[in-house]
Amino acid sequence: MTIISVADLPIWVVILVSGLMVIGSALTLLGAIGLLRLPTFYERIHAPTLGTSWGVGAIMLASIIYFSIAGSRAVLHEILIGIFVTLTTPITLILLARAALHRDRSEGNPSVPKEVLPKEIPDAEA
């Protein structure tokens, strides 16, 4: 299998891949800055989750395009990485947020909303 060098790639591929890499790395950087700068734990876990998901998506798409064109065959194993990141990132966010919420409620933190019991939820038909 022959791999085309970067100098031999069409200019539109180079621009597209470069643009996706810049967008992906900027989103990931934005998520990392949000992790450092946001004041509360709940805000801090939200920023990197979005930055990582969308950033990895753009970088993964750039990788698929580059290696498919350079290798003259479809390269799709990056989709597995995208599926794993897409599935594990929100699940991890939910588990971390629930654990922190449980901890804050058990410690009596006044800034955390109280737990809503099912009997307190208004009826949708009323």
Side-chain angles (χ1 to χ4, degrees):
M1 177 175 94
T2 60
I3 295 181
I4 301 171
S5 70
V6 177
D8 296 333
L9 286 174
I11 191 71
W12 67 269
V13 172
V14 175
I15 292 171
L16 181 63
V17 169
S18 300
L20 286 169
M21 290 295 288
V22 168
I23 290 169
S25 52
L27 288 170
T28 304
L29 178 63
L30 189 64
I33 291 170
L35 178 66
L36 293 173
R37 301 285 300 177
L38 292 173
T40 67
F41 174 78
Y42 300 104
E43 292 171 342
R44 270 187 241 133
I45 60 174
H46 186 68
T49 303
L50 293 175
T52 301
S53 298
W54 288 100
V56 167
I59 292 171
M60 179 190 61
L61 190 57
S63 176
I64 289 172
I65 292 169
Y66 174 77
F67 287 108
S68 293
I69 302 274
S72 300
R73 64 180 179 85
V75 177
L76 302 175
H77 60 272
E78 285 94 346
I79 291 176
L80 286 175
I81 296 169
I83 289 170
F84 292 139
V85 168
T86 303
L87 290 176
T88 58
T89 302
I91 292 171
T92 305
L93 168 73
I94 290 169
L95 292 175
L96 283 170
R98 285 187 179 178
L101 189 61
H102 176 71
R103 181 200 61 213
D104 288 344
R105 284 183 179 156
S106 66
E107 291 176 354
N109 189 342
S111 66
V112 177
K114 71 178 190 86
E115 186 174 5
V116 178
L117 301 174
K119 64 183 177 186
E120 296 175 359
I121 299 174
D123 206 13
E125 297 173 2

Could I get the full list of side-chain contact (heavy atoms from CB on, under 4.5 Å) partners for [X], not counting sequence neighbours?
| X | result |
| --- | --- |
| Leu29 | Ile33 |
| Thr40 | Tyr42, Glu43 |
| Ala97 | Ile45 |

Check: Leu96 and Phe41: which non-hydrogen atoms are nearest, and at how many Å?
Finding: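 Of all heavy-atom pairs spanning Leu96 and Phe41, the closest is O-CE2, 3.9 Å.
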Notebook entry, point to check: When you measure from the side chain of Ser68 to the backbone N and O of Ile65, does any donor-acceptor pair fall under 3.5 Å?
Noted result: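 Between the backbone of Ile65 and the side chain of Ser68 there is no qualifying donor-acceptor contact (under 3.5 Å).
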Checklist line | Short side-chain to backbone donor-acceptor contact, Arg44 and Pro39, under 3.5 Å | finding: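 Side chain of Arg44 to backbone of Pro39, a donor-acceptor pair under 3.5 Å: yes, one is there.
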For residues 19-28, which side-chain donor-acceptor pairs fall under 3.5 Å, sequence neighbours excluded?
unit_1, atom_1, unit_2, atom_2, d
Ser25, OG, Met21, O, 2.8
Ser25, OG, Val22, O, 3.2
Thr28, OG1, Gly24, O, 2.9

For residues 86-94, tabulate all N or O donor-acceptor pairs below 3.5 Å that involve a side-chain atom, not counting sequence neighbours.
unit_1, atom_1, unit_2, atom_2, d
Thr86, OG1, Gly82, O, 2.6
Thr88, OG1, Phe84, O, 2.7
Thr89, OG1, Val85, O, 2.9
Thr92, OG1, Thr88, O, 2.7

Checklist line | Qualifying residues under side-chain hydrogen bond (donor to acceptor under 3.5 Å, both in side chains), relative to Ser63, sequence neighbours excluded | finding: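 So Ser63 forms a side-chain hydrogen bond (donor to acceptor under 3.5 Å, both in side chains) with Glu78.
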Notebook entry, point to check: How is the hydrophobic cluster of Ile11 composed, in terms of its other members, when Ile, Leu, Val, Met, Phe, Trp and Tyr link through side-chain heavy atoms under 4.5 Å apart, directly or indirectly?
Noted result: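 Its cluster partners, ordered by chain and number, are Ile15.
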Note to self: Please tell me whether Leu30 and Leu38 are part of a single hydrophobic cluster in this structure, the criterion being side-chain heavy atoms less than 4.5 Å apart.
What the structure shows: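 No, it is not one cluster - the side chains of Leu30 and Leu38 are not joined through contacts under 4.5 Å.
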Check: Cluster question for you: counting only ILVMFWY and a side-chain heavy-atom cut-off of under 4.5 Å, with indirect links fine, are Leu61 and Tyr66 together?
Finding: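 Yes.
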Check: If you measure from CD1 on Ile79 to CD1 on Ile64, what distance do you get to the nearest 0.5 Å?
Finding: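 Separation between the atoms: 4.5 Å.
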Next item on the list: Look up atom CZ in Arg103 and atom CZ in Arg98, then write down how far apart they are to the nearest 0.5 Å.
Entry: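 Going from the CZ atom of Arg103 to the CZ atom of Arg98 covers 16.0 Å.
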